Structure formats: structure tokens, C-alpha cells
Amino acid sequence: VQLQAYGGGLVQPGGSLRLSCVGSASVFRVNSVGWYRQAPGKQREWVASISNSGGSDHADSVKGRFTISRDNTKNTVYLQMNSLKPEDTAVYYCKLFLRAGYWGQGTQVTVSS
């Protein structure tokens, strides 16, 4: 199983980005997927997760600003990020909740003016 995360970049405060996580195998669509992030000098933290049926949950720090969704026909999970803040700057990773877990390679999000 391989995961590829992309869509990061440099954005000004208040801007938006959409991250995508694409899975290589059919197991992707029948398991939960999560987004995590790791800022410099900090531990990796959970951001949001979505079940195979579409039920989702978001960390309090991003609730109301970020939305996780999925398109099982494309083996893809998205993270729509709006009203971005400098403290959202981090490397964002996706994780497939299967066995011990499979991680994507990460995509850098930088929020700065």
C-alpha cells in the first residue's frame, strides 16, 4: 500500500489550500484515513479523520476551518483548509488506518505573509 500526499504550498494568512491523499490499493477505500501534521520542533498531531462510510472528526484547533472528505471512486481523501493561520504551518501527512498504519510522504504547508 502506498499513499501520496500533495497540494501543499505557501499561502498568506486567511488563504486556502486543498490537500489530497491518493492510495494505491483497493484497501484504501474500505478503511479510515486521517490527516496529521508536524510543525518544526513539535510532535506530530492528529488533524482530522474520516471513516470508509464518510463519518468524520476534526481536531478542535481546526474545527470550522478544515474539512476532510473522500472520493472512494478515486481512492482519494481531501483536506480542505480555509482561513489558514501561521500556526497551521507544518508538514501534513495522511495515514491509512490498516494494521499498524501506512503513512504518506508528507506535504509542506507554509502560512506566511
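Computed from a predicted structure; not experimentally measured.
Between T107 and V91 there is no side-chain heavy-atom pair separated by less than 4.5 Å. Residues R37 and R44 fail the side-chain proximity criterion, which asks for heavy atoms closer than 4.5 Å. In this structure, the side chains of V109 and T89 stay at 4.5 Å or more apart for every pair of heavy atoms. By the 4.5 Å heavy-atom criterion applied to side chains, Q80 and S69 are not counted as neighbours. Contact check for L79 versus R18: no side-chain heavy atoms found under the 4.5 Å cut-off. For the pair C21/F28, a side-chain contact is recorded, criterion being any heavy-atom separation below 4.5 Å from C-beta on. Contact check for S51 versus S56: no side-chain heavy atoms found under the 4.5 Å cut-off.
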- Task: Go through the steps for K85 and D88 under the test salt bridge (Lys or Arg N to Asp or Glu O under 4.0 Å), then give the verdict.
- Result: CA-CA 5 Å; K85 305 175 181 180; D88 295 318; over 6 Å; no

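In this structure, CG in N52 is found 6.0 Å from OG in S32, a value given to the nearest 0.5 Å. Rounding to the nearest 0.5 Å places CD1 of I68 at 8.0 Å from CH2 of W35. For the atom pair CE of M81 and CG of L17, the computed distance is 4.5 Å after rounding to the nearest 0.5 Å. One finds the CG atom of D57 at 4.0 Å from the CH2 atom of W46 (value rounded to the nearest 0.5 Å). Taking CD from E45 and OG from S61, the interatomic distance works out to 5.5 Å, rounded to the nearest 0.5 Å.
Screening Y93, W103, Y92 against Y36 for a ring pair (Phe, Tyr, Trp, His ring centres under 6.0 Å) leaves a single residue, W103. No option in N72, L3, V22, V33 other than V33 meets the side-chain contact (heavy atoms from CB on, under 4.5 Å) test with V77.
Cluster membership check: F97 does not share its hydrophobic cluster with Y102, using side-chain heavy-atom separations under 4.5 Å among Ile, Leu, Val, Met, Phe, Trp and Tyr. Hydrophobic clustering of Ile, Leu, Val, Met, Phe, Trp and Tyr side chains at less than 4.5 Å, counting indirect connections, unites V11 with L19. Put simply, Y78 and F66 are part of two different groups of oily side chains (I, L, V, M, F, W, Y) that touch within less than 4.5 Å, one to the next.
At most 12 non-hydrogen atoms from other residues, nucleotides or ligands lie less than 6.0 angstrom from NZ of K74. Within a 6.0 Å radius of CD in Q2, other residues, nucleotides and ligands contribute 12 heavy atoms or fewer. Counting heavy atoms of neighbouring residues, nucleotides and ligands inside a 6.0 Å radius, atom CD of E87 exceeds 12 of them.
Looking only at distances, no side-chain donor or acceptor of S112 sits under 3.5 Å from a matching main-chain atom of T110.
For S83 against S16, the heavy-atom pair with the smallest separation is N-OG, 4.4 Å. For the residue pair Q108 and A90, the shortest heavy atom distance occurs at NE2-O, 3.4 Å.
In the model, N75 has a side-chain atom that pairs as donor or acceptor with a side-chain atom of R29 under 3.5 Å.
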